[in-house]
Amino acid sequence: MARLEYHRLDDAKGYELLYYYENITREEIAARFACDYFIKEKVVYEKTSCAIEASVYVVYVQEDNEAAIFENAVVSDGDGIKLELRHFKENSTEYPLVHLFQLPCNEEVLLYLLSDYLLWMGQEWRKTSVEIDEDRKVYVYYGEPVLEEGKRIDGYE
């Protein structure tokens, strides 16, 4: 078990400690390191970098004031670790839920988060970003449908 910290650069204070987690597994730390965004207490943070320091793992973040959170989305509960596949659309604030995966462990989550492409129900999705939303207890994989040249796939534009 290890310690994970989230730090934000504050012009006056330097790197400010935002959150920390004691006794967290290295597998969960790896999954969090893979995320581009971190949501907690209705604030969206963008990862700027990650570091391994003397006795702690650190994710450095900055607030993303342009990003929106899912106000009406359902908070995940039940067994397993949740991962949403959401349809990313450029210049949009709505990202429809394509599928909710229930994964058995953080190692499996990490494989999804690190994959550049995901095949679901015959449709290939290209990753645009991934996040952990602590408020809803879910990881999110944002993807764009990969279209065959000259073809439109029903339901996805």
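Within 6.0 Å of the CD atom in Glu27, the count of heavy atoms belonging to other residues, nucleotides or ligands exceeds 12.
Between Tyr112 and Ser115, the shortest heavy-atom distance links the atoms O-OG, 2.8 Å. Residues Ala30 and Leu110 share a closest heavy-atom pair of O-CD1, 3.5 Å. Gly143 and Thr128 get closest at one heavy-atom pair: N-OG1, 4.1 Å. Listed here is the closest heavy atom pair of Lys47 and Val59: CG-CG1, 3.9 Å. The shortest non-hydrogen separation linking Ala51 to Phe33 is O-CZ, 3.7 Å. Summarising the geometry of Asp135 relative to Lys42, their closest heavy-atom pair is OD2-N, 2.7 Å, with the distance given to 0.1 Å.
Atom CD1 of Ile132 is separated from atom CD1 of Ile39 by 9.5 Å, given to the nearest 0.5 angstrom. Taken from CG in Leu4 to CZ in Arg26, the straight-line distance is 11.5 Å, to the nearest 0.5 Å. Here the CG-NZ distance, from Asp133 to Lys40, works out to 11.0 Å after rounding to the nearest 0.5 Å. To the nearest 0.5 Å, the span separating CD1 on Ile29 from CD on Glu5 amounts to 10.5 Å. Rounded to the nearest 0.5 Å, atoms CZ (Arg8) and OG1 (Thr48) are 12.0 Å apart. Here the CD-CD distance, from Glu46 to Gln62, works out to 5.5 Å after rounding to the nearest 0.5 Å.
By the 4.0 Å N-to-carboxylate-O rule, Glu94 lies too far from Lys89 to be salt-bridged with it.
With a 4.5 Å cut-off on side-chain heavy atoms, Val58 and Cys50 do not count as touching. Looking at Tyr141 and Ser129, their side chains never come closer than 4.5 Å, going by heavy atoms from C-beta outward. Looking at heavy atoms from C-beta onward, Leu9 lies out of side-chain contact with Tyr60 at the 4.5 angstrom threshold. A 4.5 Å side-chain heavy-atom check between Thr25 and Met1 finds at least one atom pair inside the cut-off. No side-chain heavy atom of Tyr95 sits less than 4.5 Å from a side-chain heavy atom of His87. Residues Glu131 and Tyr142 have side chains in contact (heavy-atom distance under 4.5 Å, counting atoms from C-beta outward). Within the 4.5 Å cutoff, the side chain of Val140 has no heavy atoms near those of the Phe88 side chain. With contacts defined as side-chain heavy-atom distances shorter than 4.5 Å, the pair Glu41/Tyr19 qualifies.
Proximity of a side-chain donor or acceptor of Asp36 to a complementary backbone N or O of Val130 within less than 3.5 Å is detected. Between the side chain of Lys127 and the backbone N or O of Leu113, at least one donor-acceptor pair lies under 3.5 Å.
Figure legend: cation-pi geometry between Arg3 and Tyr20, with NZ or CZ positioned under 6.0 Å from the six-membered ring centre and within 45° of its axis. Both the sub-6.0 Å distance and the 45° axial angle are not jointly satisfied by Lys82 relative to the ring of Phe101.
Note on Val43: it does not cluster hydrophobically with Leu17, by side-chain heavy-atom contacts below 4.5 Å among ILVMFWY residues. The hydrophobic clustering, which links ILVMFWY residues whose side-chain heavy atoms are closer than 4.5 Å, places Leu119 and Met121 apart. Residue Ile52 is not grouped with residue Leu114 when hydrophobic side chains (ILVMFWY) are merged at heavy-atom distances under 4.5 angstrom, including chains of intermediate members.
Glu16 and Tyr6 form no side-chain donor-acceptor contact under 3.5 Å, judged by distance and modelled atom types alone. Of the N and O atoms on the side chains of Arg32 and Tyr57, not one donor lies less than 3.5 Å from an acceptor on the other residue.
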Q. Does the pair Tyr37 and Val44 meet the rule for a side-chain contact (heavy atoms from CB on, under 4.5 Å), with working shown?
A. CA-CA 7 Å; Tyr37 296 92; Val44 179; 4.0 Å; yes
Q: List the steps and the verdict of side-chain contact (heavy atoms from CB on, under 4.5 Å) for Trp125 and Val146.
A: CA-CA 6 Å; Trp125 296 86; Val146 176; 6.0 Å; no
